[in-house]
Amino acid sequence: MEDISERPTTGRETLVAPSAYPAIKRTIDLIGSAILLVALSPVLLLIAIAIVIDGGLPIIYRCQRLGRHGGPIEVLKFRTMHNGSHHHLEELLTADEERRLEYGISRKLRHDPRRTRFGTFLRRYSLDELPQLWNVLIGEMSSIGPRPYMPDELRGRPEATTLLSVRPGITGLWQVNGRSDRTFEERVALEVDYVRREGFRLDASIALRTLGAVVSGRGAY
């Protein structure tokens with residue numbers, strides 16, 4: 001399949017008037033997230049039970065991210081790390097130069113010691129992000145778009161205005177083009193390209209490719 005990240009930027013590829021695209025996309029997000037939350041409710045319940053058995057409470061991890069136009073949103077995830085260890089990243093990076101270099105390049109750690117056993121499985125298949133269907137339902141996120149950024153990740157960056165002009169997404173161009181195997185700079189470039197070309201044709205391609213990316217688990221850690 002063609003790597004859409006390497007195609008030239010030619011402007012939005014909508015099949016309708018550009019002004020209608022945001023409203024139609026939001027309608028699709030609203031209906032789709034509602035249906036999926038109901039259909040996947042047994043899966044969500046089983047995951048919640050497994051998290052409690054593996055590492056106790058809490059089940060949901062709430063992370064502060066930037067939403068559309070830079071407003072703060074609380075993104076929901078199934079907890080994949082030991083309780084309280086989310087706050088120990090700086091300590092971990094200070095103690096290990098190799099991990100510090102890895103995090104500086106990709107903003108991720110391939111072998112993160114803070115992760116629980118079941119959390120590793122959830123991340124491998126992106127199941128930890130299923131609660132974000134609620135973020136989509138209430139309008140904070142979209143099904144497809146740039147992944148939500150932490151405030152300090154975009155501070156002072158010229159790409160911030162472009163990236164924050166749309167709702168962040170559960171999946172996007174970065175997820176189907178290597179995800180965490182990409183550097184942070186490559187992620188930013190891919191997601192800027194998405195915003196500039198966003199449209200139903202591109203969204204459909206990303207949605208289809210997301211299925212393969214989830215099954216393969218490539219770059220998910």
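No donor-acceptor pair closer than 3.5 Å links the side chain of Arg179 to the backbone N or O of Ala213. One N or O on the side chain of Thr27 and one on the backbone of Ala23 form a donor-acceptor pair closer than 3.5 Å. No donor-acceptor distance shorter than 3.5 angstrom exists from the side chain of Arg209 to the backbone of Asn177, with no hydrogens or angles considered. Checked by atom type and distance alone, the side chain of Thr116 pairs as donor or acceptor with a backbone atom of Thr80 at under 3.5 Å. Although no hydrogens or angles enter the test, the distance criterion places a donor-acceptor pair under 3.5 Å between the side chain of Arg147 and the main chain of Gly169.
Among all heavy-atom pairs drawn from Lys77 and Pro131, the shortest one is C-CG, 4.0 Å. Trp174 and Arg182 make their closest contact through NE1-CB, 4.0 Å (heavy atoms, listed as atom of the first residue, atom of the second, distance). Nearest heavy atom pair, residue Glu140 against residue Glu74, reads OE1-O, 3.9 Å. Listed here is the closest heavy atom pair of Val195 and Pro146: CG2-CG, 3.8 Å. Residues Leu127 and Ile47 share a closest heavy-atom pair of CB-CD1, 4.2 Å. Considering all non-hydrogen atoms of both residues, Gln132 and Leu76 come closest at CG-O, 2.9 Å.
Atom CD1 of Ile144 is separated from atom NZ of Lys25 by 6.0 Å, given to the nearest 0.5 angstrom. Once rounded to the nearest 0.5 Å, the distance linking CD1 of Ile35 with CG of Leu133 reads 11.5 Å. Interatomic distance, Arg26 CZ to Ile31 CD1, rounded to the nearest 0.5 Å: 10.0 Å. Separation of atoms CG (Leu122) and CD1 (Ile51) is listed at 5.5 Å; rounding is to 0.5 Å. With rounding to the nearest 0.5 angstrom, the NE2 atom of His69 is 8.5 Å from the CZ atom of Arg167. Note that CG of Asp203 is 8.0 Å distant from CD1 of Ile28, once rounded to the nearest 0.5 Å.
Note on Leu211 and Val176: separate hydrophobic clusters, where clusters join Ile, Leu, Val, Met, Phe, Trp and Tyr whose side-chain heavy atoms are under 4.5 Å apart, directly or indirectly. No path of Ile, Leu, Val, Met, Phe, Trp and Tyr side chains, each step under 4.5 Å between heavy atoms, connects Ile59 with Ile49, placing them in separate hydrophobic clusters. In this structure, Leu46 is not a member of the same hydrophobic cluster as Leu36, with clusters built from ILVMFWY side-chain heavy atoms closer than 4.5 Å. Transitive grouping of hydrophobic side chains (ILVMFWY, heavy atoms separated by less than 4.5 Å) keeps Val43 and Leu45 in distinct clusters.
Grouped with Val38 in a hydrophobic cluster is no other residue, since no side-chain heavy-atom contact under 4.5 Å to another Ile, Leu, Val, Met, Phe, Trp or Tyr is found.
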Q.
Using the rule given for side-chain hydrogen bond (donor to acceptor under 3.5 Å, both in side chains), can you reason through Glu159 versus Tyr149, listing the C-alpha separation, both sets of side-chain angles and the distance that settles it, and then say yes or no?
A. CA-CA 12 Å; Glu159 305 94 341; Tyr149 286 84; over 6 Å; no
Q: Take Ile170 and Asn135 through the test side-chain contact (heavy atoms from CB on, under 4.5 Å) and record every step on the way to the result.
A: CA-CA 9 Å; Ile170 295 179; Asn135 291 110; over 6 Å; no
Q | Stepwise side-chain contact (heavy atoms from CB on, under 4.5 Å) check, Ile60 with Trp134 | A | CA-CA 12 Å; Ile60 297 294; Trp134 176 256; over 6 Å; no
**Q.** From CA spacing to verdict: side-chain contact (heavy atoms from CB on, under 4.5 Å), Leu137, Leu30
**A.** CA-CA 5 Å; Leu137 183 68; Leu30 181 63; 3.8 Å; yes
Q: Check the pair Arg123, Met81 against side-chain contact (heavy atoms from CB on, under 4.5 Å), reporting the backbone distance first and the verdict last.
A: CA-CA 10 Å; Arg123 290 210 179 187; Met81 295 186 181; 3.2 Å; yes
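In this structure, Arg155 and Met150 have side chains that are not in contact, with every pair of non-hydrogen atoms separated by 4.5 Å or more. At a threshold of 4.5 Å between non-hydrogen side-chain atoms, the residues Arg157 and Leu163 do not count as touching. Considering only heavy atoms from C-beta on, Gln175 stays 4.5 Å or farther from Ser126 through its side chain. You'll find the side chain of Pro151 stays beyond 4.5 Å of the side chain of Gln64, heavy atoms only.
For Phe121, the ring-ring contact (aromatic ring centres under 6.0 Å, His included) test picks out Phe118, Tyr125, with sequence neighbours left out.
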